[in-house]
Amino acid sequence: MEGVDHLAHERNKSEFDVDAMKVVWAGSPHAFDVCDRISKLVASDPGFRKDNRSTLSRKELFKNTLRKAAYAWKTIVDLHLSEEEAAKLRFYVDEPAFTDLHWGMFIPAIKGQGTEEQQQKWLPLAYKMQIIGCYAQTELGHGSNVQGLETTATFDPQTDEFIIHSPTLTSSKWWPGGLGKVATHAIVYARLIVGGREHGVNGFIVQLRSLEDHSPLPGITVGDIGMKFGNGAYNTMDNGVLRFDHVRIPRNQMLMRVSQVTCEGKYEQSDVPRQLVYGTMVYVRQTIVADASCALSRAVCIATRYSAVRRQFGSQNGGPETQVIDYKTQQSRLFPLLASAYAFRFIGEWLKWLYADVTQRLQANDFSTLPEAHACTAGLKSLTTTATAVTITESINLETMLCGLAIFGGVPVSTRPDTGAGSVQDSLEEEETWTKIIVVVGADRFVVVVGADRFVVVVEHMVAFEERIIAGGRSPSEKESLPVEDKSLEERLVEFHCQHLRRG
């Protein structure tokens with residue numbers, strides 16, 4: 001029945017200030033104002049419609065995304081939107097696109113790992129989208145183990161160039177969004193080789209396609225990897241594959257904030273920690289946690305609303321049946337998911353603050369909090385995305401099995417298949433989940449171990465472990481010397497990973 005608010009009765013029973021909660025959810029009055037204005041702008045503009053997305057083929061989905069990205073950019077320019085407002089507009093367009101990698105990984109990598117001179121050259125081009133970038137790190141053979149990447153960058157002192165090469169099939173870059181069809185440039189991570197010696201993995205700015213006709217440059221093989229699961233989901237994104245055949249780039253296109261190679265072929269390490277090379281991933285993981293909270297919130301919101309309007313059984317004397325949300329069994333399964341949605345949201349806001357704080361410190365050459373930021377974002381990315389994927393499945397079960405929504409839940413227009421597919425993709429993205437089981441923060445502080453797939457060693461347990469050590473007359477630094485029989489599985493895991501990190 002159009003125009004009828006079936007949730008009005010439930011909303012009127014609210015015992016808290018809904019407007020105040022909106023501000024809390026957004027993070028601040030200013031953030032709420034921006035979200036409110038931009039969401040209404042996108043919702044009211046037919047150029048951003050998405051109700052037909054589930055009916056489009058993969059080719060049509062991608063073409064539609066290109067159109068929306070161009071239209072969004074025109075809107076941003078015409079309305080003179082700030083960087084914050086532009087980011088929110090792209091968020092509310094609600095479609096994975098090449099612009100996600102351009103703004104979310106390519107630009108942050110140059111800002112974090114490039115020298116002042118490199119930033120002055122490349123960032124204006126990227127900000128005006130005169131070049132479009134992606135982030136080529138993951139390979140067919142290695143994702144989590146960055147040090148195992150096989151792509152090489154060999155310095156040639158005769159020409160003052162690096163030679164980028166893919167020596168094996170498994171060294172092919174695989175999955176970078178924006179790479180398949182659109183990107184003109186990429187941040188390519190490769191093994192740095194100078195004078196026959198390896199110096200670890202470093203980032204390089206590599207042009208992939210001509211700025212004249214968009215054709216791949218000589219020595220570069222690049223293409224789209226094809227369909228991903230989910231009717232919409234990541235099929236709007238041109239995830240790609242990339243190989244290099246002795247591609248030459250100027251020496252000054254190596255990102256040189258962490259380390260440099262002189263024209264004479266001398267490798268020089270700066271006083272900046274090498275962990276900064278992974279600084280971009282800190283930003284990306286923080287963003288993925290925020291995205292996970294949004295996906296979870298959407299799923300739980302649908303499940304909660306439908307539980308409130310759906311009625312099953314319990315009719316008395318011909319009256320209305322009982323609302324499904326009033327059944328204790330439904331509440332016991334639904335409300336913890338609702339609580340998780342709020343928890344993940346607040347975790348996301350905290351990580352955003354942490355990243356901003358780290359960024360500010362980095363600009364002052366203070367790298368003290370970078371390891372903690374790396375640890376927290378890595379662990380929480382794993383935890384929140386996996387829990388979100390599991391929770392969305394649970395919320396679908398609540399709608400289908402307990403609410404009787406089976407006739408709608410599997411239909412593409414319900415958005416459920418794409419919500420689930422996108423969230424599963426986030427849980428798999430970037431690295432194998434179980435490798436995130438390790439997060440160690442300082443020798444003089446308690447150790448936080450987080451994992452996925454329902455494996456979570458709660459912080460409180462580790463604090464209790466610390467207290468037991470201290471109570472037993474041992475200092476925290478002596479905890480690794482405990483006899484094996486005195487250690488729980490979790491404690492032995494901590495010891496194992498501490499030893500592993502020391503060896504690394």
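Computed over heavy atoms, backbone and side chain alike; hydrogens, waters and symmetry mates excluded. Each residue takes its place number in the sequence, starting with 1.
Summarising the local packing, NZ of Lys181 is surrounded by 12 or fewer heavy atoms from other residues, nucleotides or ligands at distances under 6.0 Å. The local environment of CD in Gln130 is crowded, with over 12 non-hydrogen atoms from other residues, nucleotides or ligands closer than 6.0 Å.
In this structure, a donor-acceptor pair under 3.5 Å is present between the side chains of Asp213 and Ser210. A donor-acceptor contact closer than 3.5 angstrom links the side chains of Arg248 and Thr159. Thr184 and Gln207 share no donor-acceptor pair across their side chains, judged by distance under 3.5 Å alone. Side-chain contact of Glu117 with Thr115: a donor-acceptor pair under 3.5 Å is absent, judged by distance alone. In the model, Ser57 has a side-chain atom that pairs as donor or acceptor with a side-chain atom of Glu60 under 3.5 Å.
Within the 4.5 Å cutoff, the side chain of Pro176 has no heavy atoms near those of the Met105 side chain. Taking the side chain as every heavy atom from C-beta outward, Leu354 and Cys376 approach each other to under 4.5 Å. With contacts defined as side-chain heavy-atom distances shorter than 4.5 Å, the pair Leu255/Ile187 qualifies. Using a 4.5 Å heavy-atom cutoff, the side chains of Thr151 and Glu139 are in contact. Side-chain contact check for Gln286 versus Tyr355: some heavy-atom pair is nearer than 4.5 Å. Side chains of Lys173 and Val188 form a contact here, defined as non-hydrogen atoms less than 4.5 Å apart. Taking 4.5 Å as the limit, every side-chain heavy atom of Lys111 sits out of range of all side-chain heavy atoms of Pro108. You'll find the side chain of Phe162 stays beyond 4.5 Å of the side chain of Pro250, heavy atoms only.
Proximity of a side-chain donor or acceptor of Arg243 to a complementary backbone N or O of Thr168 within less than 3.5 Å is detected. A side-chain donor-acceptor contact under 3.5 Å links Ser172 to the backbone of Leu169. Judged purely by atom type and a 3.5 angstrom limit, Ser270 uses its side chain to pair as donor or acceptor with the backbone of Val258. Although no hydrogens or angles enter the test, the distance criterion places a donor-acceptor pair under 3.5 Å between the side chain of Arg191 and the main chain of Gln147. Under the 3.5 Å distance criterion, the side-chain polar atoms of Gln253 are matched with a main-chain donor or acceptor of Ile205. Between the side chain of Lys228 and the main chain of Met237, a donor-acceptor pair closer than 3.5 Å is present.
Using a 4.0 Å cut-off between a side-chain N of Lys or Arg and a carboxylate O of Asp or Glu, Arg90 and Asp100 do not qualify as a salt bridge. Salt-bridge formation is not detected for the pair Lys381/Asp291: no Lys NZ or Arg NE/NH1/NH2 atom is positioned less than 4.0 Å from an Asp or Glu carboxylate oxygen. The pair Arg361-Asp366 meets the salt-bridge criterion, with a side-chain N (NZ, NE, NH1 or NH2) lying under 4.0 Å from an Asp/Glu carboxylate O.
Taken to the nearest 0.5 Å, the CD atom of Glu150 stands 5.5 Å off from the NE2 atom of His142. The CG atom of Leu192 sits 11.0 Å away from the CZ atom of Arg197 when rounded to the nearest 0.5 Å. Note that the CZ atom of Phe244 and the CD1 atom of Ile249 stand 8.5 Å from one another [nearest 0.5 Å]. Rounding to the nearest 0.5 Å gives a distance of 11.5 Å between CG of Asn202 and CG of Leu149. For the atom pair Glu268 CD and Gln260 CD, the distance stands at 6.0 Å (nearest 0.5 Å). Expressed to the nearest 0.5 Å, how far CH2 of Trp122 lies from OH of Tyr127 amounts to 15.0 Å.
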**Step-by-step side chain to side chain contact (heavy atoms under 4.5 Å, CB included) determination, Ser293 to Tyr342** = CA-CA 8 Å; Ser293 75; Tyr342 276 90; over 6 Å; no
**Request:** I would like to know whether Asp224 and Arg58 meet salt bridge (charged side-chain N to carboxylate O under 4.0 Å, His left out); could you show each step before the answer?
**Result:** CA-CA 12 Å; Asp224 188 277; Arg58 199 275 164 128; 2.8 Å; yes
**Request:** Please report the C-alpha distance between Arg67 and Phe62 in whole Å, then the side-chain angles of each, then the deciding distance to 0.1 Å, and finally whether the side chain to side chain contact (heavy atoms under 4.5 Å, CB included) criterion is met.
**Result:** CA-CA 9 Å; Arg67 179 192 63 77; Phe62 181 64; over 6 Å; no
**Request:** Go through the steps to decide whether Gln119 and Ile110 satisfy the test side chain to side chain contact (heavy atoms under 4.5 Å, CB included), and finish with yes or no.
**Result:** CA-CA 6 Å; Gln119 292 183 42; Ile110 295 174; 4.3 Å; yes
**Message:** Between Tyr135 and Phe106, does the ring pair (Phe, Tyr, Trp, His ring centres under 6.0 Å) criterion hold? Intermediate values first, please.
**Reply:** CA-CA 6 Å; Tyr135 190 84; Phe106 183 75; 9.2 Å; no
**Request:** Show your reasoning for whether salt bridge (charged side-chain N to carboxylate O under 4.0 Å, His left out) applies to Asp357 and Lys352.
**Result:** CA-CA 9 Å; Asp357 179 69; Lys352 186 187 300 182; over 6 Å; no
**Asked** After noting the C-alpha distance and the side-chain angles of His185 and Val206, does the key distance pass the side chain to side chain contact (heavy atoms under 4.5 Å, CB included) rule?
**Response** CA-CA 6 Å; His185 291 69; Val206 183; over 6 Å; no
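The minimum heavy-atom distance linking Val194 with Val261 is given by the pair CG2-CG2, 3.8 Å. Heavy-atom minimum distance, Leu208 versus Ala186: CD1-CB, 3.8 Å. Across all their heavy atoms, Met256 and Arg251 have their closest contact at CE-O, 3.1 Å. Taking every heavy atom of both residues into account, Thr236 and Leu61 meet most closely at CG2-CD2, 4.0 Å. Contact detail for Tyr189 and Gln113: the closest heavy-atom pair is OH-NE2, 3.0 Å. When all heavy atoms of Gly240 and Ile225 are compared, the closest pair comes out as C-CG2, 3.5 Å.
Among residues two or more places apart in sequence or in another chain, the salt bridge (Lys or Arg N to Asp or Glu O under 4.0 Å) test is passed with Asp245 by none. Scanning for ring-ring contact (aromatic ring centres under 6.0 Å, His included) contacts around Tyr71 gives Phe48, with sequence neighbours left out. Residues satisfying the salt bridge (Lys or Arg N to Asp or Glu O under 4.0 Å) criterion with Lys68, sequence neighbours excluded, are Glu95.
The aromatic rings of His199 and Tyr267 lie parallel to each other, with less than 30° between the two planes, well short of the 60° mark.
Across Thr385, Leu351, Val284, a single residue satisfies side chain to side chain contact (heavy atoms under 4.5 Å, CB included) together with Val289, and that is Leu351.
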